[in-house]
Every structure is written in structure tokens, then in C-alpha cells.
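Lettering follows sequence order; numbering is per chain, from 1. These numbers come from the heavy atoms of this one structure, side chains and all, not from hydrogens, waters or symmetry mates.
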Amino acid sequence: MRADAQTEGNDATTRIYRVLATVPYGRVITYGDLAQMAGYPRAARLAGQTLRKLPRDTKLPWHRVINAQGRISLPEPDAARQRARLEREGIFLHNGRVDLLKYRWQP
DNA sequence: ATCAGGGCTACAT
DNA sequence: TATGTAGCCCTGA
């Protein structure tokens with residue numbers, strides 16, 4: 001836990017979930033940005049580890065998180081689920097990637 | 001206190 | 001564009 005994070009009174013998981021919840025429909029965010037917005041710059045892998053623990057029935061938009069290359073970092077069959085959810089929001093992959101310049105969300 | 005490992009990244013070939 | 005290679009930083013053992 002970090003000093004600046006402690007002042008917020010929350011652990012990394014909570015902070016990451018909170019940011020994830022703000023990612024709007026039809027947009028995506030990278031692991032690195034998610035971590036940074038949660039107060040953990042350069043801790044992209046932390047975001048990954050955290051998301052991996054999400055329950056299957058979560059309401060959070062886990063599928064809107066992709067890597068910095070615009071690619072899905074999940075092994076099949078989860079990658080297929082993520083792709084399907086993204087498409088349902090109008091986000092399609094071309095050559096296995098999302099057009100970050102167009103859909104990347106950054107406040 | 002240490003250490004390996006993770007849904008990663010940036011940079012160099 | 002496609003690898004390879006170092007960093008990064010947190011968590012759990």
C-alpha cells in the first residue's frame with residue numbers, strides 16, 4: 001500500500017474497480033491507464049492480476065480493458081467472450097485489434 | 001525480509 | 001509488422 005493510496009482509504013482492488021466502473025459503454029481502456037487512473041502509475045500488471053479475480057457475474061465492464069496494443073490479453077475461451085461483448089457495444093476488432101485512437105477512453 | 005510471477009509496456013532489432 | 005528483452009510495481013507465499 002502506498003502513502004497516497006492510503007489517504008484515499010482504499011486498497012488497490014477497490015480503487016481499480018472504481019475506475020473500471022467509470023469506463024463508458026462503447027469505449028475501452030488499457031491496463032496501464034486503468035492502473036494509473038487508480039493511482040498506480042506503471043502498475044499495468046496489477047490491473048491484470050486484479051481483473052483476473054473478478055467473479056464471472058460481476059457487473060463491472062471487464063471486457064472494456066485491453067492491452068496497449070489494442071489486443072485482447074486473455075487466453076481462449078475468455079477472449080471470445082470479451083470480443084463478443086465488445087462487438088455488442090459496437091467495437092470490432094480488425095486483425096485482432098481494437099482501434100485505440102478511436103475507442104480508447106481517456107478523461 | 002525475500003522472491004517469483006502476473007489478462008503489461010516501452011524500446012530495440 | 002513481429003519478436004526479444006528489460007523494466008515496473010504490487011501481491012501472496
*Rounding to a whole Å, what distance do you find between Asp11(A):CG and dG12(C):C1'?*
14 Å
*Choose from dG7(B), dA10(B), dT11(C) the nucleotide whose nearest atom is closest to any side-chain atom of Ala68(A).*
dA10(B)
*When we call it a touch if two heavy atoms are under 4.0 Å apart, what does Thr50(A) touch: a base, just sugar-phosphate, or nothing?*
nothing
*asked:* Is it the case that the base of dC8(C) and the side chain of Arg42(A) share a donor-acceptor contact (distance under 3.5 Å, atom types as modelled)?
replied: no
_Using whole Å, what does the distance between atom C1' of nucleotide dC10(C) and atom CG of Leu34(A) come to?_
14 Å
*Let me see the working for Ile66(A) and Arg71(A) under side chain to side chain contact (heavy atoms under 4.5 Å, CB included), right down to the final yes or no.*
CA-CA 6 Å; Ile66(A) 58 180; Arg71(A) 300 169 143 295; over 6 Å; no
_Side chain of Ala43(A) only, heavy atoms from C-beta on: which candidate in dC9(C), dG7(B), dT9(B) is closest?_
dC9(C)
*Could you grab the distance from atom CG of Leu34(A) to atom OG1 of Thr50(A), nearest 0.5 Å is fine?*
8.0 Å
*Between dG7(B) and dG7(C), how far apart are the P atoms? Round to whole Å, please.*
23 Å
*If each of Arg97(A) and Ala44(A) is mapped to the nucleotide of DNA chain C with the nearest heavy atom, which maps nearer the 5' terminus, i.e. the 5' end?*
Arg97(A)
_Whole angstrom value for the distance that separates P of dG6(B) from CG of Leu74(A)_ = 14 Å
*Is there a donor and acceptor pair, one atom on the side chain of Gln49(A) and one on the base of dG5(B), closer than 3.5 Å?*
yes
*Leu51(A) CG to dG7(B) P: how many Å, rounded?*
9 Å
*asked:* Regarding Asp99(A) and Arg104(A), does a basic nitrogen lie under 4.0 Å from an acidic carboxylate oxygen?
replied: no
*Are the charged groups of Asp78(A) and Arg85(A) less than 4.0 angstrom apart, N to O?*
no
_Expressed as a whole number of angstroms, how long is the span from Tyr31(A):OH to dC8(C):C1'?_
17 Å
*Any strand: nucleotide that pairs with dG7(B) via Watson-Crick or wobble, under 3.5 Å*: none
*asked:* Strictly by Watson-Crick or wobble contacts shorter than 3.5 Å, is anything paired with dC8(C), and which nucleotide is it?
replied: none
*Once you round it to whole Å, what is the distance between P of dG6(B) and CD1 of Ile16(A)?*
17 Å
_Atom-pair distance (CD on Gln69(A); P on dT3(C)), nearest Å_ = 13 Å
*Side-chain N,O (Lys53(A)) to OP1/OP2 (dG12(C)) below 4.0 Å*: yes
_Any salt bridge linking Glu89(A) with Arg27(A)? Criterion: basic side-chain nitrogen under 4.0 Å from a carboxylate oxygen._
no
*Whole-Å distance separating the CG atom of Asp33(A) from the P atom of dG7(B)*: 19 Å
*Name the closest nucleotide to the Ala12(A) side chain, picking from dT9(B), dT11(C), dG7(B).*
dT11(C)
_Selection from dG7(C), dG7(B), dA10(B) that lies nearest to any side-chain heavy atom of Arg45(A)_ = dG7(C)
